[in-house]
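Just below is one structure, and these are the notes that go with it.
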Number of protein chains: 2
Amino acid sequence: MKKLDDIDLRILTLLYNNADINNKDLAAKIGIAPSTCLERVKRLKSSGIIKGSFIEVNLKSIGGNIEAIAAIRLQPYSEEIVNKLRDDLLQLPEIISLYHMGGNYDYYIHMSVSDSEHLRQFVFQEITSRDEVQTVETSLVFEHSRSSVLPQFDD
Amino acid sequence: MKKLDDIDLRILTLLYNNADINNKDLAAKIGIAPSTCLERVKRLKSSGIIKGSFIEVNLKSIGGNIEAIAAIRLQPYSEEIVNKLRDDLLQLPEIISLYHMGGNYDYYIHMSVSDSEHLRQFVFQEITSRDEVQTVETSLVFEHSRSSVLPQFDD
DNA sequence: ACTGAAAAGGTAAAGTT
DNA sequence: AACTTTACCTTTTCAGT
């Protein structure tokens, strides 16, 4: 993985906050030619530094009235079991994202459901019903705030 | 907030997984005219159903070698204190996202740091040093998997 | 509300420094 | 490696259905 220069970081910073901007405007903000900018962005994408671009959807508008996180512990705990759990859960429409943790819990399962009955059903049917799931603690998400600032490290 | 029809949901589903697609291809995938598609997307954006579009960055490539989540409890716990904490933390480059929780913990703080020394420094200086933070439990994130499937609810 | 065609503007590939 | 130019293609607008 090649080292990123200052221009690359400025491209990433701007797109991290708003990927809707077109190439011409992006180039103007940074102070480089559009063709140069386009080439940089392409390279960042093809090299995997930019993993993808996505929209953020207002979940309430599509019926996802409740967000919750289930913190679970697994027993037994093997790589195979962990990967299977991840792959299975990622198929389900309720899942927003999964955190495989080292610490007090093995997984944080971040999900969106229509109401508390849906949450109850989902937790029983898709989580506690699994053999490897030993304990489940479900908590409500009152607010989820995404940072608009790209992490930066001066190396 | 107006009700979404099937075409809107298909637009959201496709863009949720890949916002890089251009309008012409998006329209073709759905089977509507590009002008119609563009109008729909604009309406979804202006109405706030699409909250924004962002790139996902490979954090390791910019020096973020470790991801962690700090679970904290607050005392005292008031709306003012909670909002102040959120606004302060969102300014810091290490923060990826924040979850305000109802349950065992008050906040999950998801962050990216360069190494374990950086993590130690950050937790002491920006989290435990705050008067309202009563307890902190920091855990490593081994893997964070974002679902590529937009949550769906049949209503 | 969707379509189709025309005008405007951005993209991508060429050659140049 | 980055800039400029130009041809091409997409986006966007608008009159019509």
Side-chain angles (χ1 to χ4, degrees), chain A residues 1-64 148 150 152-155, chain B residues 1-63 148 150-155:
Chain A
M1 213 174 280
K2 219 188 293 179
K3 211 173 159 290
L4 300 173
D5 65 14
D6 189 58
I7 291 174
D8 290 323
L9 286 175
R10 284 162 77 191
I11 290 173
L12 292 176
T13 299
L14 287 166
L15 292 179
Y16 189 75
N17 188 32
N18 174 24
D20 246 353
I21 190 172
N22 70 33
N23 182 64
K24 195 193 163 201
D25 292 347
L26 180 61
K29 281 205 182 194
I30 295 172
I32 57 175
S35 56
T36 307
C37 186
L38 189 69
E39 204 172 82
R40 294 271 193 155
V41 172
K42 273 186 173 172
R43 215 182 53 216
L44 290 167
K45 282 179 180 162
S46 66
S47 68
I49 293 168
I50 294 178
K51 287 159 123 184
S53 68
F54 311 100
I55 57 167
E56 191 181 331
V57 174
N58 182 336
L59 293 171
K60 288 209 181 79
S61 71
I62 56 172
S148 58
L150 178 73
Q152 291 188 41
F153 312 95
D154 311 316
D155 17 36
Chain B
M1 213 174 278
K2 220 187 292 179
K3 211 172 160 289
L4 300 173
D5 65 14
D6 190 57
I7 291 174
D8 290 323
L9 286 175
R10 284 162 76 191
I11 289 173
L12 291 176
T13 299
L14 288 166
L15 292 179
Y16 189 75
N17 188 30
N18 173 25
D20 245 353
I21 189 172
N22 70 32
N23 183 63
K24 195 194 163 200
D25 292 347
L26 179 61
K29 281 204 180 193
I30 296 171
I32 57 176
S35 53
T36 306
C37 185
L38 187 70
E39 203 172 82
R40 293 272 193 156
V41 172
K42 270 187 175 173
R43 216 181 52 217
L44 290 168
K45 282 180 180 161
S46 66
S47 68
I49 293 167
I50 295 178
K51 287 160 124 185
S53 69
F54 312 98
I55 57 166
E56 191 181 331
V57 174
N58 182 336
L59 293 172
K60 288 210 181 79
S61 70
I62 55 172
S148 59
L150 178 73
Q152 292 188 41
F153 312 95
D154 311 316
D155 15 38

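Quick caveat, the model's predicted, so the values are computed rather than measured. Within every chain, numbering begins at 1; the chains are lettered A, B, ... in the order of the sequence lines, protein sequences first and strands thereafter.
Distance, B/Ile21 CD1 to D/dT11 P: 10 Å, rounded to whole Å. Rounded to a whole Å, the CG atom of B/Leu38 is 7 Å from the C1' atom of D/dT12. Rounded to whole angstrom, the span from the CD1 atom of A/Ile30 across to the P atom of D/dA2 amounts to 12 Å. Per the geometry, CD belonging to A/Glu39 stands 13 Å off C1' belonging to C/dA14, to the nearest Å. Taking atom CG of residue B/Asn23 and atom P of nucleotide D/dC9, one finds them 17 Å apart after rounding to whole Å. For the pair A/Arg43 CZ and D/dA2 P, the interatomic distance rounds to 7 Å; values are reported in whole Å. Rounded to an integer number of Å, the gap from A/Asp25 CG to C/dG10 P is 7 Å. Computed from coordinates, the B/Asp20 CG to D/dT11 P distance equals 12 Å when rounded to whole Å.
Atom CD1 of A/Ile55 is separated from atom CG of A/Asp20 by 9.5 Å, given to the nearest 0.5 angstrom.
Nearest heavy atom pair, residue B/Ser61 against residue A/Ile49, reads OG-CG2, 3.3 Å. Summarising the geometry of B/Tyr16 relative to A/Phe54, their closest heavy-atom pair is O-CD2, 3.2 Å, with the distance given to 0.1 Å.
Scanning atom types as modelled, no donor and acceptor separated by under 3.5 angstrom connect the side chain of A/Ser35 and the base of C/dT11.
Nearest nucleotide to the side chain of B/Thr36, out of D/dC3, C/dG10, C/dT3: C/dT3. Residue B/Lys24 has its side chain nearest to D/dT10 when only C/dC2, D/dT10, D/dT12 are considered. When distances run from any side-chain atom of A/Lys42 to the nucleotides C/dA1, C/dA13, D/dA2, the shortest one goes to C/dA13.
Heavy atoms of other residues, nucleotides or ligands lying less than 6.0 angstrom from NZ of A/Lys24 number 12 at most.
Without hydrogens or angle criteria, A/Asn23 side chain to A/Pro34 main chain gives a donor-acceptor distance under 3.5 Å.
Residue B/Ala33 is in sugar-phosphate contact alone, with no base atom involved, counting any heavy-atom pair closer than 4.0 Å across all strands shown.
Distances shown here put every side-chain N or O of B/Arg40 at or beyond 4.0 Å from the OP1 or OP2 atom of C/dA1.
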